[in-house]
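Note that this is a predicted model, so its numbers are computed, not measured. Atoms within each ligand, like the ligands themselves, are counted from 1 in listed order.
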Amino acid sequence: MKVCVMGLGYIGFPTACVMARAGHQVLGVDVKQSVIDKLNAGQLHIVNEDGLEELALSVLQSGALRVSTTPEPADVFILAVPTPFQHHDGQADLKAELERPETAYQADLAYVAAATRAIASVVKAGNLVVVESTVPPHTTDGIVLATLQEAGIDTEEILFAHAPERVLPGNIVHELVHNNRIVGGMTRDASKVAVKFYQSFVQGQVVETDATTAELVKLMENTFRDVNIALANEFARVCEHLGVNVWEAIKLANLHPRVNFLRPGPGVGGHCIAVDPYFVVEAAPHLTSLIQTARRVNRRMPLHVMELYAELTRGTEIRKVAVLGASYKANVGDDRESPALEVAHLLAETGVEVAIHDPHVDAYNTPLAAIFSQADVVMLLTDHKVYDAIDPLAVAGQVHQHLLLDTRGQLNAEAWRRAGFQVSQLGSGAAEDVVAHRA
Ligand code: SAJ
């Protein structure tokens, strides 16, 4: 089939590659000329994705995937553009942002509408139009359909479907092929055609449903994760209050065959988990108190990290903080909507120098020794695998004062204490007292 993928971001680009590998003739379209130029020069704009580079270069070289800024006629159109929420500009008013009510967030569907308008000149009867972007319920049969109709298109003979992507950043190429897929058509015919198309490149199960159910299911999955992380974060604070170590407590609770806590941390970032629950809240503000509370708990975690920092540094003059990790989660290079950077921003507001290290983010890929040099506090915010290898004794010789705040429960607190550090770990504020009490 001839396929036109609108949007060559984290989802659209790998998806276009996988479809091309499966034998489709694919045109990838992006509004950014710089992305198209880069790809045409054989360079990727997305890094840190296993297997993506080899795959992309092979389908670009063979011509199975071409890229352009303008769409062409095709059998299938895939909309894979961002759907952020309307929010603050930059981090200047971060504290005010963290106080904003959960019901004040609205989905920004401008990219979906723009991509739909862009295909209006080439779409025709018999085509399949699939929305892959995560969207509020009734976007496929609302915004997308209406935008084409407003452009004067007779939509009667066009097949519409929603097929949410569910890949985990960092493992996208594998998951695009192996994950189960939910495909919901606006009509039975649309569902059948869309399911058949996805079966041509997906090895997981492709399950048929209707468009609105598919839209909601995707939001339910990410909301489930957000609420679970909020519960872990709430227990982290309860544990600090009670003098229990949350990391040990979660490990023990998860030994139960039907309990599976996720991990506490400095907040929930990225473009999915921290956004999608708002689409449900927007659709039903009066029915979503649990979802709103979970969002609030997670959103306020950077402020809680600052409380732990204030406690750890009380009475000590702090000039420099060495921050480990900038990206929104472990082992990826994406630092957009990152709680680590929110905390770094709040730290900088207190007037200290903030030296950030992140091996996966170009802007912060500095030698570790440079950030530790003369630092008063070491703060771990993203649990990259490489930080397992940090030797606390070596760090002890580089820093100015020996204070450590670990917000991910990654570092071996005992080893750092032996190296002379005063250690604070999110979720186990009074761990030493607990050990003393048990002894
Ligand atoms: N986080 C925690 N504790 C945890 C797990 C995650 O604090 O136990 C934090 C991370 O550090 C990060 C944030 O949550 O800041 C989100 O990370 P994530 O790994 O949970 O999720 P994403 O945003 O990278 O990808 C999610 C996935 N959804 C689910 O697992 C239900 C992925 O499958 C979706 O395709 C993706 O959202 C999406 O595009 O919607």
Please tell me whether His384 and Asp358 have a donor and an acceptor in their side chains that are separated by less than 3.5 angstrom.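 Per modelled atom types, His384 and Asp358 side chains form a pair under 3.5 Å.
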
If we ignore angles and hydrogens, is there a donor and acceptor under 3.5 Å between the side chains of Asn233 and Asn298?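 Yes, a side-chain donor-acceptor pair sits under 3.5 Å.
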
Going by side-chain hydrogen bond (donor to acceptor under 3.5 Å, both in side chains), name the residues that satisfy it together with Gln33, two or more places apart in sequence or in a different chain.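 Partners of Gln33 by the side-chain hydrogen bond (donor to acceptor under 3.5 Å, both in side chains) criterion, ordered by chain and then number, come out as Asp37.
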
Would you please name every residue forming a side-chain hydrogen bond (donor to acceptor under 3.5 Å, both in side chains) with Ser191, sequence neighbours left out?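 Result, side-chain hydrogen bond (donor to acceptor under 3.5 Å, both in side chains) vs Ser191: none returned.
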
Name the residue from Val81, Leu8, Val5 that meets the side-chain contact (heavy atoms from CB on, under 4.5 Å) definition with Asp30.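 So the option named by the test is Leu8.
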
Got the residues with a heavy atom under 4.0 Å of ligand 1, by chain and number?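 Residues Glu165, Arg166, Val167, Leu168, Pro169, Lys218, Glu221, Asn222, Arg225, Ile229, Leu262, Arg263, Gly267, Val268, Gly269, Cys272, Ile273, Asp276, Tyr328, Lys329, Arg408 each place a heavy atom under 4.0 Å from ligand 1, listed by chain and number.
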
Return each pair, listed once, that meets ring pair (Phe, Tyr, Trp, His ring centres under 6.0 Å) where at least one residue sits in residues 211-239; pairs must be two or more places apart or across chains.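 Applying ring pair (Phe, Tyr, Trp, His ring centres under 6.0 Å) to every pair that reaches into residues 211-239, excluding sequence neighbours, yields Phe235-Phe261.
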
